[in-house]
Amino acid sequence: MTETENQQPPAPFRLVYVPGVTPTKWLRVWEERLPDVRLELLQSAPADGHALLLSGGADAGLVRLPVDRTVLSAIPLYTETTVVVFPKDHWLAAAEEVTVADLAEEVVFHPQDDTLDWPELPGRPAFERPATTGDAIELVAANVGVLAVPQSLARLHHRRDLTYRTLLDVPQSQVALAWPEEATTDLVEEFIGIVRGRTANSSRGRTAAAEEQRRPSGTKKSKAQPQQRTAQADKGGGKPRPGRRTGGARTAQPKRGGSGGGRKK
């Protein structure tokens, strides 16, 4: 058995994500930049994503805030619009936007997996809380009440007989990239770079970040090399050849006998 055959494939990078979050675009970039490291997607209920990160079952997660910042690091990515879902023939369908006051006489479901931090629930409470957002959607379709959710969840549970409108002046859900603070690996840093939109050249993980921190302040590696090459070029020809000035920059004249059109003597 050869040495290549003995090598084990690298462990996958495990990314947990909660309902409503779509990691597809970041997955494509990951496959382009790290083709040898498989990205394993793990879908979980909203409350279970944090637990999976803390137990070591995932390396990073696309979850909804808040998270326990004493053990998890988190980078907020975006904030979702809150909408209210109702049947298409409901009177709210005539409105472009809905206010909390519009829901005063409506039964508003509050599922147990709700991701919104309500200081006070709008509308009238239902007789009992549905176990999941999916269960609440079924009750809305039965014309029993309405449901306020992040817009991505309204799209996830889309039904032809339901519609939704933006709900104004209410809590909104914030999606974040989170990971265990004590497990900030190179692969986690790579994924951070991807979700932040860094290019392949600028997203170099912790190695590049450490390099940058070790570099003395005031030095810029990218500019030092061209300056050094210019100095060496000036040394090679003794006196600098005369040139003409164009826009303040000095341009060397072409060599005699070359393709630049110089005359032979």
Side-chain angles (χ1 to χ4, degrees), residues 15-27 41-53 58 61-67 74-178 195:
L15 179 70
V16 63
Y17 68 103
V18 296
V21 178
T22 307
T24 310
K25 60 180 179 180
W26 297 314
L27 176 60
L41 291 176
L42 308 170
Q43 188 172 21
S44 77
D48 296 339
H50 302 168
L52 199 59
L53 290 171
L62 297 168
V63 298
R64 296 184 185 276
L65 295 179
V67 298
I75 299 175
L77 300 179
Y78 58 89
T79 301
E80 286 198 66
T81 299
T82 301
V83 300
V84 56
V85 183
F86 46 81
K88 281 189 172 180
D89 59 357
H90 197 282
W91 70 271
L92 288 173
E96 293 184 0
E97 296 176 324
V98 177
T99 66
V100 172
D102 294 330
L103 302 180
E105 299 301 320
E106 299 293 329
V107 172
V108 180
F109 293 112
H110 185 213
Q112 295 179 25
D113 63 354
D114 186 15
T115 60
L116 299 172
D117 185 17
W118 295 101
E120 183 178 354
L121 291 170
R124 297 161 47 202
F127 178 71
E128 61 181 359
R129 295 183 64 183
T132 66
T133 298
D135 294 336
I137 289 288
E138 294 296 326
L139 293 171
V140 172
N143 209 12
V144 179
V146 300
L147 173 67
V149 291
Q151 187 171 1
S152 66
L153 291 181
R155 290 173 175 170
L156 178 66
H157 295 284
H158 171 71
R159 290 176 53 124
R160 296 179 63 183
D161 54 345
L162 300 181
T163 188
Y164 60 83
R165 296 289 186 273
T166 299
L167 186 57
L168 302 177
D169 301 325
V170 293
Q172 295 177 313
S173 178
Q174 197 168 22
V175 174
L177 172 63
V195 299

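Source: prediction; values computed, not measured.
Contact check for Val146 versus His90: side-chain heavy atoms found under the 4.5 Å cut-off. Taking 4.5 Å as the limit, every side-chain heavy atom of Pro150 sits out of range of all side-chain heavy atoms of Thr81. Proximity of Asp135 to Pro111: side-chain heavy atoms (C-beta onward) are nowhere separated by under 4.5 Å. Using a 4.5 Å cut-off on side-chain heavy atoms (C-beta onward), Thr82 and Pro171 make no contact. In this structure, Val108 and Leu147 have side chains that are not in contact, with every pair of non-hydrogen atoms separated by 4.5 Å or more. The closest side-chain heavy-atom distance from Tyr164 to Val84 is not below 4.5 Å. Within the 4.5 Å cutoff, the side chain of Val21 has heavy atoms near those of the Tyr78 side chain. Between Asp161 and Pro87, the closest side-chain pair of non-hydrogen atoms is not below 4.5 Å.
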Report task. Go through the steps for Leu42 and Leu52 under the test side chain to side chain contact (heavy atoms under 4.5 Å, CB included), then give the verdict. Result -> CA-CA 10 Å; Leu42 308 170; Leu52 199 59; 4.0 Å; yes

Report task. Report the C-alpha separation of Glu106 and Phe86 in whole Å, then their side-chain angles, then the decisive distance to 0.1 Å, and conclude whether the side chain to side chain contact (heavy atoms under 4.5 Å, CB included) test is met. Result -> CA-CA 10 Å; Glu106 299 293 329; Phe86 46 81; over 6 Å; no

Report task. Output, in order, the C-alpha distance, side-chain angles, deciding distance and verdict of side chain to side chain contact (heavy atoms under 4.5 Å, CB included) for Gln43 and Tyr17. Result -> CA-CA 5 Å; Gln43 188 172 21; Tyr17 68 103; 3.8 Å; yes

Query raised in the report: Val170 and Leu168: side chain to side chain contact (heavy atoms under 4.5 Å, CB included), yes or no, with the steps?
Result: CA-CA 6 Å; Val170 293; Leu168 302 177; over 6 Å; no

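We find the CG-CG distance between Leu41 and Leu62 to be 9.0 Å, quoted to the nearest 0.5 Å. Here the straight-line distance linking atom CH2 of Trp26 with atom CG of Leu77 works out to 5.0 Å at 0.5 Å rounding. Between the NE2 atom in His158 and the CD1 atom in Ile137 there is a gap of 11.0 Å [rounded to 0.5 Å]. For the atom pair OG (Ser173) and CG (Asp117), the distance works out to 10.0 Å, reported to the nearest 0.5 Å.
Across all their heavy atoms, Ala74 and Val67 have their closest contact at CB-CG2, 3.9 Å. Scanning both residues, Val63 and Ala178, for their nearest heavy atoms gives CG2-CB, 3.9 Å. Of all non-hydrogen atoms in Leu162 and Ala141, the two that sit nearest each other are CD2-CA, 3.8 Å. When all heavy atoms are compared, the tightest approach of Leu139 to Pro130 is CD1-CG, 3.9 Å. Annotation for Glu105 and Arg124: closest pair O-NH1, 3.1 Å, computed over non-hydrogen atoms. The minimum heavy-atom distance between Leu167 and Ala148, with the atom names listed, is CD2-CB, 3.8 Å.
With a 6.0 Å radius and a threshold of 12 heavy atoms from other residues, nucleotides or ligands, Phe127 has its CZ atom at or below the threshold. Counting heavy-atom neighbours within 6.0 Å of Asp169 CG, excluding the residue itself, gives a total of 12 or less.
For the side-chain contact (heavy atoms from CB on, under 4.5 Å) test with Thr133, the passing option among Asp114, Val149, Leu156 is Val149; the others fail.
Distance alone, capped at 3.5 Å, is enough to place a donor-acceptor pair between the Glu80 side chain and the Ser152 backbone. Checking side-chain atoms of Lys88 against main-chain N and O of Arg160 turns up a donor-acceptor pair under 3.5 Å. Between the side chain of Arg64 and the backbone N or O of Gln174 there is no donor-acceptor pair closer than 3.5 Å. Checked by atom type and distance alone, the side chain of Arg165 never pairs as donor or acceptor with a backbone atom of Glu97 at under 3.5 Å.
Side chain to side chain, Thr132 and Asp113 fail the donor-acceptor criterion of an N or O pair below 3.5 Å. When only modelled atom types and interatomic distance are considered, Thr79 and Gln172 share no side-chain donor-acceptor pair under 3.5 Å.
Of the charged side-chain nitrogens involved, at least one lies within less than 4.0 Å of a carboxylate oxygen, so that Glu138 and Arg159 count as a salt-bridged pair.
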